[in-house]
Every structure is written in structure tokens, then in C-alpha cells.
Asker: 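Got a structure for you, questions after.
Side chains are part of it too, since the values below use all heavy atoms of this structure and drop only hydrogens, waters and symmetry mates. Note that ligands are numbered from 1 as they come in the structure, with each ligand's atoms numbered from 1 the same way.
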Amino acid sequence: MSASVKLSTIQITGSDFLRQKSPALSRQFSRLPPLSATNKYRQSSIVSVSKPLYVSSIESFGSLKRSSKDDEKRSLITCKAYEADRSEPIDENIQQLQTRSEAAKRFKIGVYFATWWALNVVFNIYNKKVLNAFPFPWLTSTLSLAAGSLIMLISWATRIAEAPKTDFDFWKTLFPVALAHTIGHVAATVSMSKVAVSFTHIIKSGEPAFSVLVSKFILGDTFPLPVYLSLIPIIGGCSLAAVTELNFNMIGFMGAMISNLAFVFRNIFSKKGMKGKSVSGMNYYACLSILSLIILTPFAIAVEGPQMWAVGWETAISQIGPHFIWWVAAQSVFYHLYNQVSYMSLDEISPLTFSIGNTMKRISVIVSSIIIFHTPVQPINALGAAIAILGTFLYSQAKQ
Ligand code: 3PG
């Protein structure tokens, strides 16, 4: 876009206005450098040119024309231009703009978080309903990855989403991430097939403890003392919740613990592998789903297999009815959606904000699943969960 204004011998080129750092602001307010001009021009020009000029809009510059008589009567730049000594309103405007853009960003993050938690709650409810009627966690885990892969392949094919540009190196670095994602996903689903959803998530709130221990003993990282101290309520709270859990099951407990460990490795590999890569959060998660699906499918067939699935499926349909298939569809689709939104929100927020959001997500899942499934909870059990959750908040703060 190019527009110019001629003031006697002074020329202001509109295209100059656009060479600003912030395109959003440059569209609204462009600051011109002081223009040198002789007194003669200062007198003849209606606009004083000895001071910096602020132009709040350049939209009609291109159509400005000089007409002899009007020159003296009207300001040439009545179109929202004025002098620097009246800059206060502009500063206020800039402040207002910044406040508005910050509010818009906060609103956007709020929408991401609310969507992420809501999708996660729906996934957890349908996942448990499916597992209660059809206890084949390896197949349901595979179906969730398959649904996500299919959704994204269709989105890329129909250009709803732009397909990522990847190479062999990308898939090679993604492999360990996908392996850890697969193990963490199956382990969590196995856990939920054996114990209450709330219990799995209480144990999963202990993930920061695994993160610190792995970073310290395997990667040799050190942390400030408050980080180590925050592990006391996390480990203590999880332990208290575990020993007072009415429906304790060792496979369920170990599944959640393995999931924690696997997800810590997923995060470590993910950080190492993605340095300098420019794949969006949404596409990154899509590729992760596809690779995890390829890894998981043969294992699911080996561990459970089509024969067991066929018998289990008939039993589930006879107990629940034909709409059971919609439960399976819901758990699969919502698994992909909540993960996709969480990866998309990672593009917008810091890891710290993300980890606080993840803790809040666990609270919403724990509370809603207890209400929906009428999970019996003893006060001491609830206290353990609350201490563990508090610990994860303290951990987030200590890691800042
Ligand atoms: C899974 O099935 O992968 C787990 O439910 C994931 O749990 P998280 O995303 O809440 O850690």
C-alpha cells in the first residue's frame, strides 16, 4: 500500500508509515520524524512541520487533492492527523490498545483452558463408561489414536488444516516421543480400566515428582530447594490417597505410575527433538498420533486380539444397546480433541501456565468423575488428593 501527501514542497510518503515493528500499531498510529522546513513553509503550510507529526490514519491520503482556495481554510490533514504537543490522547490510545490486546489474549487463553478441561472431562467420562462395559484398554487406546489420525488426515486432504512439511529427520526425532506417548497413554487407560477415574488422576497429579527425579538422576539436572520441598506434599498426598483408596488395585496404581514416568520422558524427548522446528502444536500432535498408532496397533493385537474383542463387543452391545458404539466414538474423538487443544494452547502460553492449567484440569476431572460415577470417597482420601494437588501448585511456583 502506498499513499502520498504533498504539502507544498514537503512530501510524506504513506508507504514509509508501514515500516514499523508492530504491524497492528503501525496501522493505527505512525510517528513521523520531525520534518525540516523553512519558516516560509511553516507559514504557508497549514500544518506546523517543526514538530513531530502523529498520524492516526493514512487511509485517505491517496485521495487528498489540493484545491487552491481550500488550502487556507481547511487543514489538509483533517483526516486524523495532529501535532506532537497533543500526544497525550495518543498515549492513552496506545495504552488502551495494549490493555485491550492483553485482555483479548487472556480471553483467548481462558477459552483454550475451558475447552481443554471440558473436552478432557467428557473424554474421561466416556472412556470409563466404555471400559466398564468393554474392558479392553489396549483396543480403546488404539481407537483414540486412530480417530485422531483419521480426523487430521481428512483435515489435511480437504485443506481444512494445512499439512505440515516434514522430512525423515522430523519423524526420526518424533519416534521416541511417540513411543513414550504410546506407553503413557496405554498405561493410563489400563489404570482406568482397573480403578476409579479419580484415583488414576490423583496418582497422575504426581507427575512433577517423576519429572524432578528423572531430571536429577538421569539427566543430572539440579533444582532450587523449594522445588525439592514441593515434592513432599505431592508424594505424601498421593501416598495418603493411595493407601486410603477403597477400591485400590495394584495394576491400576502401577498403570498411573508408569504413565507418569512415560509422559516425563515424552516431554524430555519432545523438548530435545523440537528445537528449531516449525510445526504448529496442532500438527505436531497429529503426527504424534499417527506414529503412536503405528507403534501401538501390533501390540494391541498381540495383547488382546480380535477374538477377545469380538466376544467383548457382543457382550457390551447386549448389555448397553446399539448406542454403545457412540460411547466408543465419543471417547475416541474427545481424546484427540482435548489433546489437540492442549497442544494448541502450548503454542500460546508458557510451560508454567500450561502445568498450572494441567493441574486445574485434574481437579475438574477428579471432581466431575466422583459426582458422575458416585465414587465413594473417604475424608482422609480426599485430604490426600487435596495435599497432592496443592503440592503440584507449589511445584509450579517453585519452578518459576
Ligand atoms: C491418556 O489416556 O493418555 C491419559 O488419560 C492422559 O492423561 P493426561 O493427558 O491427563 O495426562
Asker: Quick check: does Asn120 get an N/O under 3.5 Å from an N/O on ligand 1?
Answerer: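 No.
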Asker: Are Phe113 and Ile349 side-chain neighbours, meaning at least one heavy-atom pair lies under 4.5 Å?
Answerer: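 The answer is yes; the side chains approach within 4.5 Å.
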Asker: Taking 4.0 angstrom as the limit and counting only heavy atoms of Thr189, give me the atoms of ligand 1 inside it, by number and element.
Answerer: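 This gives 2 (O) as the contact atoms.
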Asker: Just jot down the ligand 1 atoms closer than 4.0 angstrom to any heavy atom of Tyr338, in number order.
Answerer: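 Counting atoms of ligand 1 from 1, those under 4.0 Å from Tyr338 are 4 (C), 5 (O), 6 (C), 7 (O), 8 (P), 9 (O), 10 (O).
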Asker: Just do the side-chain hydrogen bond (donor to acceptor under 3.5 Å, both in side chains) check on Tyr395 and Thr359 with the steps written out, would you?
Answerer: CA-CA 11 Å; Tyr395 168 82; Thr359 307; over 6 Å; no
Asker: For Tyr335, take its heavy atoms, then give the atoms of ligand 1 lying under 4.0 Å from any of them.
Answerer: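 Taking each heavy atom of Tyr335 in turn, ligand 1 has 1 (C), 2 (O), 3 (O) under 4.0 Å.
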Asker: Under the criterion ring pair (Phe, Tyr, Trp, His ring centres under 6.0 Å), I'd like the reasoning laid out for Trp116 against Phe354: C-alpha separation, chi angles, the key distance, then a yes or no.
Answerer: CA-CA 11 Å; Trp116 173 22; Phe354 184 86; 4.9 Å; yes
Asker: Could you establish whether Lys361 and ligand 1 come within less than 4.0 Å of each other, counting only heavy atoms on the residue side?
Answerer: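 Yes; Lys361 lies near enough to ligand 1 that a heavy-atom distance drops under 4.0 Å.
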Asker: Taking side chain as C-beta onward, heavy atoms only, is Thr200 less than 4.5 Å from Phe253?
Answerer: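 SC-SC contact between Thr200 and Phe253 ruled out.
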Asker: I need the nearest protein heavy-atom contact for atom 1 (C) of ligand 1: residue, atom name and distance, please.
Answerer: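 Closest protein heavy atom to atom 1 (C) of ligand 1: His185 ND1, 3.3 Å.
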Asker: Looking at residues at least two apart in the chain, or sitting in another chain, which of them share a salt bridge (charged side-chain N to carboxylate O under 4.0 Å, His left out) with Lys165?
Answerer: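 Per chain and number, Lys165 pairs via salt bridge (charged side-chain N to carboxylate O under 4.0 Å, His left out) with Glu162.
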Asker: Check whether the ring centres of Trp313 and Phe324 lie less than 6.0 Å apart, and answer yes or no.
Answerer: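 For Trp313 and Phe324, the ring centres are under 6.0 Å apart.
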Asker: Using a 4.0 Å cutoff against the non-hydrogen atoms of His201, which atoms of ligand 1 qualify?
Answerer: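 Listed by number with element, the hits are 10 (O).
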Asker: Which ligand 1 atoms does Lys204 reach within 4.0 Å, using its non-hydrogen atoms?
Answerer: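 Near Lys204, the atoms of ligand 1 are 7 (O), 8 (P), 11 (O).
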Asker: Within a strict 4.5 Å, meaning less than it, do heavy atoms of the Leu394 and Pro233 side chains meet?
Answerer: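 Side chain of Leu394 against side chain of Pro233, heavy atoms only: contact under 4.5 Å found.
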Asker: Which of the numbered atoms in ligand 1 are under 4.0 angstrom from any heavy atom belonging to Arg362?
Answerer: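 Those qualifying, in numeric order: 8 (P), 10 (O), 11 (O).
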Asker: Determine whether Tyr338 and Tyr335 satisfy the following criterion, ring pair (Phe, Tyr, Trp, His ring centres under 6.0 Å), listing intermediate values before the conclusion.
Answerer: CA-CA 6 Å; Tyr338 98 75; Tyr335 176 78; 5.6 Å; yes
Asker: Who's the nearest protein heavy-atom neighbour of atom 4 (C) of ligand 1, and how far?
Answerer: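 I find the closest protein heavy atom is Ala188 CB, 3.6 Å.
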Asker: Could you list which atoms of ligand 1 come closer than 4.0 Å to a heavy atom of Phe263?
Answerer: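 Near Phe263, meaning under 4.0 Å from one of its heavy atoms, ligand 1 has 3 (O), 6 (C), 11 (O).
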Asker: What atoms of ligand 1 come closer than 4.0 angstrom to any heavy atom of Met192?
Answerer: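 Taking each heavy atom of Met192 in turn, ligand 1 has 5 (O) under 4.0 Å.
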Asker: Fit a plane to each ring of His181 and Phe263, take the angle between them on a 0 to 90° scale, and name the class: parallel (under 30°), tilted (30 to 60°) or perpendicular (over 60°).
Answerer: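 Parallel: the ring planes of His181 and Phe263 meet at under 30°.
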Asker: For ligand 1 and Glu207, I'd like to know whether there is a polar contact (N/O to N/O, distance under 3.5 Å).
Answerer: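 By distance alone, the answer is no.
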